[in-house]
Structures are given as C-alpha cells and as structure tokens.
Chemist: 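Below you'll find the structure I mean.
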There are 2 protein chains.
Amino acid sequence: MLTKKQYDLLMFIHNRVQNDGVSPSFDEMKAALDLRSKSGIHRLITALEERGFIRRLAHRARAIEILRLPENVDGTGTRGGFRPSVIEGDLSRRPEPKDAISAMGGQTVNEDVDAQSVPLIGRIAAGIPIEALNTGAMQIGVPSMMMSSSGEHYALEVKGDSMIDAGIHEGDIVVVKRQASADNGDIIVALIEDHEATLKRLRRKGGAIALEAANPAYETRLYRSDQVKIQGKMVGLIRTY
Amino acid sequence: MLTKKQYDLLMFIHNRVQNDGVSPSFDEMKAALDLRSKSGIHRLITALEERGFIRRLAHRARAIEILRLPENVDGTGTRGGFRPSVIEGDLSRRPEPKDAISAMGGQTVNEDVDAQSVPLIGRIAAGIPIEALNTGAMQIGVPSMMMSSSGEHYALEVKGDSMIDAGIHEGDIVVVKRQASADNGDIIVALIEDHEATLKRLRRKGGAIALEAANPAYETRLYRSDQVKIQGKMVGLIRTY
DNA sequence: CAAAGAGTGAACACATATAGAACATGCGGA
DNA sequence: TCCGCATGTTCTATATGTGTTCACTCTTTG
C-alpha cells in the first residue's frame, strides 16, 4: 500500500495529467506537496515506481506515466485538487470501452498488484485459425509494465513450434496489443486471406509482406498486402512451468 | 509523460490531421510554435516518437501518424482513422473483464486481477552471483496461475544466454518459488559454493549433482551435493518486447 | 535535371530537470 | 526505549529541453 505522501503525489500527478496532458516537473510537485526540496519528490517517485503505480523513461523530463491508481480513488483532496473526470467512486469503473484510450488502460485495477487483466481469447499457430473460445473468455493477469497505457490487449496461447528460435514455445501465452499496423521486425498476429491467423515476424519487401517463422523448418511466405491483415503486435510472453 | 512543448506540438499535429487530413510540414509546425528553426521541431518530433505518441516514415514528407493522445484528451469521434480493426467478428472483445471473471465463478479472493506481486530481487547469470538484494526491490505483477498458492516467490532478470535452448533469453524475467529441493529436470536457481548463483537444469547423477545449461556452448558441470544449495525452482517466465 | 520543398543533424548557449549523497526528524512497533 | 522507515533539507553534480544558426541530404515536381 501507499503512504499518505505517496498517495498525495500520485493523485497530484494524475490530476495534472488529466487536466493538462502534461506531467508535472519535480519542482511543480515539490510546490504541490509543499516541500522545499526536490529530493523528497525524487524518493517518492522512486517508491511509486517500485510499487508499480507509475512508469518512467529514465533521464527524460516529465516522462511519467500513470499505470494504475490505488483502490479508493476517492479524491480526498489534500490541496485544491481537481476531480478526475473519468474515475468515479471506488469500484465503478468506466462503462464505455470507447474511452479506453483516454483513460488508463481500460482494465480493472486491483488494490495492490501491478497487473491488469486481459482476455485469453484463443490459440494461435501457423496454419491454424484462431479458435474462438469466446464463451467464458478466460482472463489472465498480466504485468502492467508489459502493456502500454492505452490500447486494447489480448492474450493467445501458442500452438506449434514455428517461433521457437524467438524463444516462443508451445503452450506459452503471448500478450498482443491490438493494432492494424506494425513495424518491420515486429512479431505480429496476422490474419491471412480472412481465414487463417498466424504468429510471425513481419518483414516488408517492397509492396509485398513477408511473414517469417523463427524456425528453419518453416519457410518465409510472401503475400500481397491485401492478403494480410495485421491483428496486433506481440508485446509480451508468459510461460508457466 | 510529455513536456509542454511536446504536448503543444502533438495537439497541433492532431488538429491539423483532423481538419485537413494531412499532417503539417516542419515549416508549418515551426510557424505554429513560433520558432525560427525547424531543428527545434525535429527534436520535438523525435521525442514524441520516442514516447510512442507518433510514428514516422523516415525521409518522407509529412509522414507523421498519430498513435495515441495523452490521457486528458477526449478522443470521442476523433479516433475513426486509427482504431484498429477487430480480429474477427465473433471474437470481439469482452469489455467488462470483471463481470466475466465473476460470472465464471472463479474462487478469486482478489476480486479484480488474477495476479500477485512478487519482488524483483536482482539478476542471475551463469557465473555471476545474484546482485543487490534489497536496494529498491521493484515489485512485479505475476499471473496467479503461475504460482502455487503457498510458498514464497521471487523474480530475477536473466543475464546471458546459457538457457537459450530452453527459450529463456537475456532480459527475460524468471519467477522462482523458493524451495530447497527440486526434482530431476527442473530448472533451478542454484547457489554454488556459497558465492555463485546460476540458473540451470538439475540432474542428479548418483550422489553428484549436474547442472546443465540449455546451450551447447556451455558445459554441464558436476558438483558434490554439499557444494550446491538449491535456492528455488523456476515456475514461470515473463518477457516484454 | 534543376529547383523548391522537406527533413537531418551538428554545435552553441542557456534554462530546466533529475540524480543522489549526507544528515536530521518524527512516528510507530518490537 | 530502540530501531527502522518514511520523510525533510541542503548541496552538488549531471543530464535533458529548448531556441538558433548553418550546412547538408533526400524527395517531389515541373
């Protein structure tokens, strides 16, 4: 759990981000908490990072991102804090998925765990469509650090060994961020000719799209760009022994 | 997450894309932010790209794509262009994870996320002791399914490639359950002669203990059982791309 | 192909921001 | 009470952010 100071600081940052879109500098936080030194802020920030409430880019100004909030986001404002527009009450989370981008991630937040739930929606393998086990889609907890704060994520269980040289084994669970485009070299979920989903590395060659397996036993296959729809980009992997 | 200037520029680009359908040139951005040089814009653009707000095509004019906006911006009605398409019609998402999970009747005590925190206490590699135990032990969220309900768990970052054939790469995080014994074939954290910690596969040979790497470049080493102390057994792996 | 348009990037000067050490204080639990 | 921990402070050291100028390179277009 957080100390009061840590909580205050987290709320201050959150409010600032909500209102300005810009995270505060150490000096501004210092003023907000009524301190005379930025070092105190530094330690609080470090503590928040350790506890998984925020994430930072090292050595970048104002590069703070809020990953989650404590359970009781009630805004017992110490200072003249503004109410966040998105978060209300304690457990009532936002009902509108379309807001998922403007709010923090759109997944549930637990009181003390640096993780979020994503749906495990099926399996994926070379040559085999994603099975729809939509019914009762299982939820799986995924470390927040694995996901970007915005966007939608889902999980798939890996079948087959086509990506084994990338350290992706049968039975592993891959976490995917849903997006329609990706960069060269990304591992993506690709839907081929609207019926076959596969996990491969993306490589663009001129106007064509190459889908590379990470296993010499499988050949790279080339497609026209209209044959392939990118369903998302792999952002993480979870394996249980 | 962003500095004021970065935020201003992002908003300017966003508005221009919304209104004109074309992203502004550096000169136009220069004028908009009241600068006298495009170089400043160039650096801001680089910063925005680094932070994942925009994407660019190198050496292409006006080839800026907005990936996301800061959290305070209401994206309603503006997201049409880059809302990724869904995987398949009937696989579409389940926007209310909490309902899904409670509807499944899982015996979750933690009503929200199926995960727990474990401390990330250091790094491990062949031949190198586990570094620094306490200094700012960062907590990491780990799926509950990865851990047994009892027992103590911790996490280590992997250095080196000695287990690469087991799909364990440099930078991966391994989740370990603390225990003093393990079965043949388990991957364990072993402390050798009280000074060297290593991640290896356990193989007992008569009275001796063999520690096998999963990389042909490393040799299996044999120890007397009094030379090796088992620190725990690997139960999971987490990788972020 | 040449010119215009667009983007890159080094270098300099300041302004801001972050990192940490070192030491002091106050509070709650063993 | 003693100890550990979160917290406050002061100071010092670095690193990053910003605005500018200048010299190119790359693309697009007539």
Side-chain angles (χ1 to χ4, degrees), chain A residues 1-13 16-17 20-66 70 78-79 112 206-207, chain B residues 1-13 16-17 20-66 70 119 132-139:
Chain A
M1 197 42 188
L2 294 177
T3 68
K4 183 178 186 326
K5 280 295 180 187
Q6 290 164 359
Y7 178 84
D8 287 347
L9 180 57
L10 182 62
M11 284 302 117
F12 172 70
I13 298 171
R16 282 291 292 263
V17 172
D20 300 350
V22 177
S23 42
S25 73
F26 276 37
D27 262 313
E28 292 167 326
M29 294 187 258
K30 180 194 76 180
L33 295 205
D34 200 28
L35 302 187
R36 292 186 204 182
S37 163
K38 289 170 290 194
S39 287
I41 299 295
H42 181 254
R43 264 183 315 202
L44 291 173
I45 290 288
T46 304
L48 285 174
E49 191 176 15
E50 280 173 8
R51 286 158 215 222
F53 285 87
I54 62 175
R55 167 168 54 186
R56 311 180 60 197
L57 294 177
H59 305 299
R60 286 288 181 286
R62 299 169 189 257
I64 296 171
E65 182 176 12
I66 293 191
T78 36
R79 289 171 39 81
D112 214 11
Chain B
M1 198 57 186
L2 294 177
T3 67
K4 297 175 190 68
K5 282 294 178 185
Q6 292 162 2
Y7 178 81
D8 288 347
L9 179 58
L10 181 61
M11 284 303 119
F12 172 70
I13 298 171
R16 284 292 291 262
V17 171
D20 302 354
V22 186
S23 45
S25 74
F26 274 38
D27 265 310
E28 290 168 325
M29 294 186 256
K30 180 192 75 180
L33 293 207
D34 199 27
L35 302 188
R36 294 184 203 182
S37 162
K38 289 174 295 187
S39 285
I41 299 295
H42 182 249
R43 268 182 312 200
L44 291 173
I45 291 288
T46 304
L48 285 174
E49 192 174 15
E50 176 187 53
R51 280 153 224 226
F53 285 87
I54 62 174
R55 180 209 318 246
R56 314 181 56 198
L57 297 177
H59 299 296
R60 286 291 181 287
R62 299 167 189 260
I64 296 172
E65 179 187 11
I66 293 193
L133 285 193
N134 280 331
T135 330
M138 196 181 295
Q139 296 286 127

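Here is how names work: the chains are called A, B, and so on, in the same order as the sequence lines, proteins then strands, and each is numbered from 1. Not measured: the values here are computed from a predicted model.
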Chemist: So what is the end-to-end bend of the helix from C/dC1-D/dG30 to C/dA30-D/dT1, with 5 pairs used at each end and the value given to 10 degrees?
Modeler: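 Roughly 50°, once rounded to the nearest ten degrees.
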Chemist: Output yes when at least one side-chain N/O atom of B/R60 is less than 4.0 Å from OP1 or OP2 of C/dG7, else no.
Modeler: no
Chemist: Please identify each residue that fulfils side-chain hydrogen bond (donor to acceptor under 3.5 Å, both in side chains) with B/E50, with sequence neighbours left out.
Modeler: A/R60
Chemist: Which residues, if any, of residues 24-32 of chain B bring a heavy atom under 4.0 Å of DNA chain D?
Modeler: none
Chemist: Quick one: side chain to side chain contact (heavy atoms under 4.5 Å, CB included) partners of B/R55, sequence neighbours excluded?
Modeler: A/S181, A/D183, B/E65, B/L67
Chemist: Check A/D8 with A/K4, please: is the shortest side-chain N to carboxylate O separation under 4.0 Å?
Modeler: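 Yes.
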Chemist: Taking CG from A/L57 and P from C/dA17, how many angstroms apart are they, rounded to a whole number?
Modeler: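 About 16 Å, once rounded to whole Å.
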Chemist: Name all residues meeting the side chain to side chain contact (heavy atoms under 4.5 Å, CB included) criterion together with A/A61; count only those two or more places apart in sequence or in a different chain, and write none if there are none.
Modeler: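 Only B/T3 meet the side chain to side chain contact (heavy atoms under 4.5 Å, CB included) criterion with A/A61.
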Chemist: Is there side-chain contact between A/Q6 and A/F53, with heavy atoms separated by less than 4.5 Å?
Modeler: no
Chemist: How many whole angstroms separate atom NZ of B/K38 from atom C1' of C/dA11?
Modeler: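 The answer, rounded to whole Å, is 17 Å.
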Chemist: Given side chains that start at C-beta, do those of A/L48 and A/L2 come closer than 4.5 Å, heavy atoms only?
Modeler: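 Result yes, sub-4.5 Å side-chain heavy-atom pair found.
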Chemist: Between C/dA10 and B/S39, counting only base atoms on the nucleotide and side-chain atoms on the residue, is there a donor-acceptor pair under 3.5 Å?
Modeler: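 Per atom types, the contact qualifies.
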Chemist: Are A/I13 and A/L9 side-chain neighbours, meaning at least one heavy-atom pair lies under 4.5 Å?
Modeler: yes
Chemist: Phosphate oxygens OP1/OP2 of C/dG9: is one of them under 4.0 Å from a side-chain N or O of B/R43?
Modeler: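 B/R43 to C/dG9 OP1/OP2: no side-chain N or O under 4.0 Å.
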Chemist: Show me the side-chain donor-acceptor pairs of residues 26-34 of chain B shorter than 3.5 Å, one per line, residues at least two apart or across chains.
Modeler:
unit_1	atom_1	unit_2	atom_2	d
B/D27	OD1	B/K30	NZ	3.1
B/E28	OE1	B/R16	NH2	3.4
B/E28	OE1	B/S25	N	2.7
B/E28	OE1	B/R62	NH1	3.1
B/E28	OE2	B/R16	NH2	3.3

Chemist: Distances under 3.5 Å only, N/O to N/O: pair up the protein atoms with those of nucleotides 26-30 of chain C.
Modeler:
none

Chemist: Nearest whole Å is fine: how far is C/dA6 P from B/I13 CD1?
Modeler: 15 Å
Chemist: Please report the interatomic distance CE(B/M1) to CG(A/L57), rounded to the nearest 0.5 Å.
Modeler: 5.0 Å
Chemist: Let me confirm one number: the CD1-CG distance from A/I41 to A/L35, rounded to the nearest 0.5 Å.
Modeler: 5.0 Å
Chemist: Could you give the NZ-to-P distance, from B/K5 to C/dA17, as a whole number of Å?
Modeler: 13 Å
Chemist: Please name the pair of heavy atoms, one in A/G21 and one in B/P70, separated by the smallest distance, quoted to 0.1 Å.
Modeler: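 In terms of heavy atoms, the two residues are closest at O-CB, 3.8 Å.
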Chemist: Within less than 4.0 Å of OP1 or OP2 of C/dT18, is there a side-chain N or O belonging to A/H59?
Modeler: no
Chemist: Would you classify B/I41 as touching base, sugar-phosphate or nothing, given that sugar-phosphate means primed atoms plus P, OP1 and OP2, and contacts are heavy atoms under 4.0 Å?
Modeler: nothing
Chemist: Please figure out whether B/R51 or B/R36 has its closest DNA chain D nucleotide nearer the 5' end.
Modeler: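 The 5'-side residue here is B/R51.
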Chemist: From A/L44 CG over to A/F12 CZ, what is the distance, rounded to the nearest 0.5 angstrom?
Modeler: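 These two atoms lie 12.5 Å from each other.
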Chemist: How close or far is atom P of C/dG7 from atom CG of B/L48, stated in whole angstroms?
Modeler: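 To the nearest whole Å, that distance equals 15 Å.
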Chemist: Hey, where on DNA chain D does chain A first and last touch, going 5' to 3'? Cut-off is any atom under 4.0 Å from a heavy atom.
Modeler: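 Reading along DNA chain D, I get D/dA6 to D/dG17.
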Chemist: Using a cutoff of under 3.5 Å, can you pull out all pairs of nitrogen or oxygen atoms linking the protein to nucleotides 2-4 of chain C, with atom names and distances?
Modeler:
none

Chemist: Tell me the closest heavy-atom pair linking A/S23 and A/A63, and the distance in Å.
Modeler: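 That closest heavy-atom pairing would be OG-N, 4.3 Å.
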Chemist: Looking for any heavy atom pair under 4.0 Å, which part of the strands does B/I45 touch: base, sugar-phosphate only, or nothing?
Modeler: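 No contact.
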